[in-house]
Protein chains: 2
Amino acid sequence: MTDIHPRVSSRGEQTRERILDTALELFRERGYEATTMRVIAAAAGVAVGNSYYYFPSKEHLVQAFYSRIQKTQIEAATPLLWKEKSLRARLRLHLHERVHGLTPYHAVSGTLFRSAADPQSPLSPFSAESGPTRRASVAFMREVIDGSSARIPHDVAPSLPHILWLYEVGVVAFWVHDQSPQQQRTHELIDDSTDAIVRLLSLANLPGLRAIRKKMLRWVADLVKDDL
Amino acid sequence: MTDIHPRVSSRGEQTRERILDTALELFRERGYEATTMRVIAAAAGVAVGNSYYYFPSKEHLVQAFYSRIQKTQIEAATPLLWKEKSLRARLRLHLHERVHGLTPYHAVSGTLFRSAADPQSPLSPFSAESGPTRRASVAFMREVIDGSSARIPHDVAPSLPHILWLYEVGVVAFWVHDQSPQQQRTHELIDDSTDAIVRLLSLANLPGLRAIRKKMLRWVADLVKDDL
DNA sequence: GTCTATAACCGGATAGAC
DNA sequence: GTCTATCCGGTTATAGAC
């Protein structure tokens, strides 16, 4: 972070990466519980204490996994988005990429995301510690929207990135529970629900929906209040 | 379970209850992590091994908590439901009761529900082990619906209890994350969303909504496929 | 600052005696 | 059914090497 030297990666950074790579590989192969810190250290060729020097806890490895996969996915989706103009297509592309990047971890995802469900946990997507990752995700969602040809109702516009990020969290939660082959149900869900969302947005200006819209905006604000 | 004798509670059952009571009290007072199995055993006046005789794991205490609170809540809500005829009112009553019963545990709920988010965990509301609790909840939801004056579209009717149970799970998840005083946001959410649901149901027969309805029914079936 | 090695602590879980 | 002793894994502590 504070490395002002132009080195691509210091020795420490290499070690850190090696530990993380090893851990994620073992998580995939044997699952989270079966992968003990002692095993990770041994496989990475370091002492246990050294793992703890870079990752204060086993959960910090999971947090590192989150931000790595998020970064990778944004980098993968960005160039592809240039070709798409409609909000529906852009949303779909983004979300299909999202779950695609997670796919190798599907079997362990339940365990990996376990503590994400605890609001008190730093791993919660709503926690202060997840702030950077969350804001990056929301910012990317904003790009997905702004780069599209869609016209968004004025009152919805400011929080739409947050709303759609919440929706993204929901899609990932569905994917975690999806036991269909290749998680195809999730991909169908993405196609169908992006469709529904775009339709809803075009209906959003109907006078009868003003009230419910206002309420929905408040619910979202409750969940992401710190960075709205 | 298999006790054929008419005794109200055998000695073993008393011990079991004592351990559970003690555990839940300590969870509320000190939180889940801080309450070690050793402390529970000591406070309940038994040996650690004995706790494990009744509850194979710490998580089994949480599971017992689930089914106890569910049973209590159904018993509390049932007599009150007689007074209400509209689906909206009945749903509201049920859900307000639901979160009301959970309220003493709000501070620990995040940790208590942690593993509920893992589909592989027996504590997941979708797991085989949660089957009995889940089916009881769905059955109660069926009563909430059937006892109402609402007319339900034919294709939706069979799975509506499951759909509304899923919605209930969602409300509880929101409640867990709700940091507003007295979780009043959740109570507002209940009022607003029951309203939205009843309206949606009355709109459900519109021809344009057939297709999306079919898809929604399939999504629900995916999540609760074993007992639909 | 990066790293090793080893022992120890703590809490969930198990084994086996009574 | 109930106990004590033990194991196992996350985590910490220590003491020192590059």
Side-chain angles (χ1 to χ4, degrees), chain A residues 1-5 7-24 26-27 29-65 108 111-112 114-115 118 121-123, chain B residues 1-3 5 7 9-20 22-24 26-27 29-65 108 111-112 114-115 118 120-123:
Chain A
M1 292 296 188
T2 49
D3 192 349
I4 51 165
H5 300 293
R7 262 176 307 163
V8 179
S9 57
S10 65
R11 189 154 89 89
E13 223 155 292
Q14 286 180 351
T15 309
R16 198 192 126 94
E17 289 299 292
R18 185 153 37 89
I19 294 169
L20 182 55
D21 290 340
T22 310
L24 296 189
L26 290 171
F27 288 164
E29 285 171 8
R30 324 184 177 185
Y32 182 72
E33 316 268 289
T35 305
T36 73
M37 291 301 279
R38 287 161 174 93
V39 166
I40 296 172
V46 298
V48 197
N50 200 16
S51 301
Y52 277 94
Y53 177 79
Y54 290 103
F55 300 95
S57 80
K58 201 177 175 184
E59 291 207 333
H60 278 78
L61 285 166
V62 180
Q63 193 145 47
F65 159 72
V108 262
T111 320
L112 288 181
R114 220 170 226 237
S115 14
D118 182 350
S121 165
L123 288 176
Chain B
M1 293 295 188
T2 50
D3 193 350
H5 301 293
R7 262 175 306 163
S9 56
S10 65
R11 191 156 88 90
E13 222 156 293
Q14 285 179 351
T15 311
R16 197 193 128 94
E17 288 300 291
R18 186 153 35 89
I19 294 169
L20 183 55
T22 311
L24 296 190
L26 290 170
F27 288 164
E29 285 171 9
R30 324 185 177 184
Y32 183 73
E33 316 268 290
T35 306
T36 73
M37 291 301 280
R38 284 160 175 91
V39 167
I40 295 172
V46 297
V48 200
N50 201 15
S51 301
Y52 277 95
Y53 176 79
Y54 290 102
F55 300 96
S57 81
K58 199 177 177 184
E59 293 207 332
H60 279 78
L61 285 165
V62 180
Q63 193 145 48
F65 159 72
V108 262
T111 320
L112 288 182
R114 219 171 228 239
S115 15
D118 181 350
Q120 265 81 54
S121 166
L123 288 176

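What you are looking at is a predicted structure, and each value in this text was computed from that prediction instead of being measured. What you see below is based on every heavy atom in this structure, not just the backbone, and it leaves out hydrogens, waters and symmetry mates.
By the ring pair (Phe, Tyr, Trp, His ring centres under 6.0 Å) test, A:F65 is found to be paired with A:Y105, residues two or more places apart in sequence or in another chain being considered. With sequence neighbours excluded, the residues satisfying side-chain hydrogen bond (donor to acceptor under 3.5 Å, both in side chains) with A:S115 are A:E59. Looking at residues two or more places apart in sequence or on another chain, you find no salt bridge (charged side-chain N to carboxylate O under 4.0 Å, His left out) involving A:E29. Scanning for ring pair (Phe, Tyr, Trp, His ring centres under 6.0 Å) contacts around A:Y32 gives A:F27, with sequence neighbours left out.
As rounded to whole Å, 15 Å separates atom C1' of C:dG11 from atom CG of B:L26. Going from atom CZ of A:F55 over to atom C1' of C:dT2 covers 14 Å, rounded to whole Å. Atom pair A:E13:CD and C:dC3:P shows a separation of 11 Å (rounding to whole Å applied).
In this structure, the nucleotide among C:dT2, D:dT4, D:dT2 sitting nearest to the side chain of A:Y53 is C:dT2.
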Contact string for nucleotides 10-16 of chain D, one letter per nucleotide 5' to 3', B = base within protein heavy-atom range under 4.0 Å, S = sugar-phosphate only, - = neither, reads BBB----
List the atom pairs, with distances to 0.1 Å, where a side-chain N or O of residues 33-44 of chain A and a protein N or O form a donor-acceptor pair under 3.5 Å, not counting sequence neighbours.
{"unit_1": "A:T35", "atom_1": "OG1", "unit_2": "A:L26", "atom_2": "O", "d": "3.3"}
{"unit_1": "A:T35", "atom_1": "OG1", "unit_2": "A:G31", "atom_2": "O", "d": "2.7"}
{"unit_1": "A:T36", "atom_1": "OG1", "unit_2": "A:R38", "atom_2": "N", "d": "3.4"}
{"unit_1": "A:T36", "atom_1": "OG1", "unit_2": "A:V39", "atom_2": "N", "d": "3.1"}

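Across all their heavy atoms, A:A64 and A:F55 have their closest contact at CB-CE2, 3.9 Å.
OP1 or OP2 of C:dC3 lies within a sub-4.0 Å distance of a side-chain N or O belonging to A:R11. A sub-4.0 Å separation between OP1 or OP2 of D:dG1 and a side-chain N or O of B:N50 is absent.
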